[in-house]
**Student:** 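Next up is a structure, given as structure tokens.
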Amino acid sequence: MSANENTEILDAVLKAEKFLKQQKDLYGNLLYKQNIKKEEEQMSKKNSIEAWQTTSTLEELNSKICNCQKCSLGATRTKFVFGVGKPNADIMLIGEAPGADEDAKGEPFVGRAGQLLTKILEAVKINREDVFICNILKCRPPNNRAPLPEEMQTCEPYLKKQIEIIKPKIILCLGRVSAQAILQTKETLTNLREKVHHYENIPLMVTFHPAALLRNPNWKKPTWEDVQNFRKLYDSLSKKN
Ligand code: URA
Ligand code: URA
């Protein structure tokens with residue numbers, strides 16, 4: 001390279017440097033605005049898909065949601081009550097919300113209502129260990145007050161993901177609150193019972209909540225009839241597959 005060529009190159013570099021400095025003084029970070037915008041778009045995309053939404057096992061889902069603070073129940077719960085049972089259960093039972101016993105243990109239906117539920121299942125030869133049991137709300141409402149609509153709305157995506165992973169053949173809703181939430185209806189329990197509904201093509205039946213039977217034993221007989229019908233429907237589905 002000749003001395004002349006060297007000088008030309010150095011000259012060009014100095015000019016370029018001067019030009020860049022001018023641009024920087026004039027526009028500052030605006031120079032990079034396009035990139036900043038792209039980064040912001042990528043961040044918001046990332047944020048709109050939450051980590052739990054892409055999980056494919058119950059264990060992973062539980063680990064990703066068990067510290068949930070999306071509603072105020074996160075502050076008052078003792079334990080997050082994800083649900084228990086077989087990960088590939090044919091039958092899924094869905095209640096309302098954890099009570100005091102469930103909140104303490106971190107497991108659904110372990111109190112008095114739960115013990116009655118176990119008996120109801122035994123009556124139609126369904127083993128509690130063979131099903132998956134959970135609730136609409138994963139956290140206990142203080143003093144067992146009824147779940148608020150916004151709490152149910154916030155929590156329901158977790159239940160939907162559980163159903164998506166478990167892929168049950170049949171669902172039993174325990175009580176009006178659970179059925180109304182999943183079926184997106186305001187129908188009374190009376191109108192929801194004794195029918196086969198569907199959630200995402202999965203047959204779904206509705207019966208009384210076991211806690212309601214503890215308050216009003218007159219509802220025991222119709223519950224027994226409901227679960228007999230539920231068992232029959234389950235048997236008919238099992239034969240097909
Ligand atoms: N009632 C419910 O709805 N769920 C429980 O887990 C316990 C009581
Ligand atoms: N009312 C309810 O909300 N649930 C029942 O199971 C019975 C009466």
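Throughout, numbering of the chain's residues begins at 1 and tracks the sequence. Remember, it's 1-based here, ligands and their atoms both numbered in the order they're listed.
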**Student:** Numbering the atoms of ligand 1 from 1, which are under 4.0 Å from a heavy atom of His209?
**Tutor:**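 So the answer, numbered in order with elements, is 1 (N), 2 (C), 3 (O).
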
**Student:** Heavy atoms only, cut-off 4.0 Å: how does Ala97 contact ligand 1, side chain, backbone, both, or neither?
**Tutor:** backbone

**Student:** Tell me which protein heavy atom sits closest to atom 4 (N) of ligand 1, plus the residue, atom name and distance to 0.1 Å.
**Tutor:**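 Of the protein heavy atoms, Asn135 OD1, 2.7 Å lies nearest.
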
**Student:** For ligand 1, is any non-hydrogen atom under 4.0 Å from Glu96's backbone (N, CA, C, O), its side chain (CB onward), both, or neither?
**Tutor:** both

**Student:** Has Lys70 got more than 12 heavy atoms of other residues, nucleotides or ligands less than 6.0 Å from its NZ?
**Tutor:**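 Check passes, neighbour count above 12.
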
**Student:** Are any of the N/O atoms in Gly95 less than 3.5 Å from those in ligand 1?
**Tutor:**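 No; the residue has no nitrogen or oxygen that sits under 3.5 Å from a nitrogen or oxygen of the ligand.
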
**Student:** Check this for me, if you would: do Arg145 and Glu151 make a salt bridge, where the nitrogen-to-carboxylate-oxygen distance has to be below 4.0 angstrom?
**Tutor:** yes

**Student:** Can you find a side-chain donor-acceptor pair between Gln162 and Lys138 that sits under 3.5 Å?
**Tutor:**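 On atom types as modelled, these side chains qualify, holding a pair under 3.5 Å.
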
**Student:** Looking at Leu172, Val177, Ile136, which one forms a side chain to side chain contact (heavy atoms under 4.5 Å, CB included) with Ile94?
**Tutor:**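 Running side chain to side chain contact (heavy atoms under 4.5 Å, CB included) over Leu172, Val177, Ile136 with Ile94 returns exactly one hit, Ile136.
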
**Student:** Check whether more than 12 heavy atoms from other residues, nucleotides or ligands sit under 6.0 Å from atom CD of Glu59, and answer yes or no.
**Tutor:**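 It does not: Glu59 CD has 12 such atoms or fewer within range.
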
**Student:** Atoms of ligand 1 less than 4.0 Å from Pro108 heavy atoms?
**Tutor:** 6 (O)

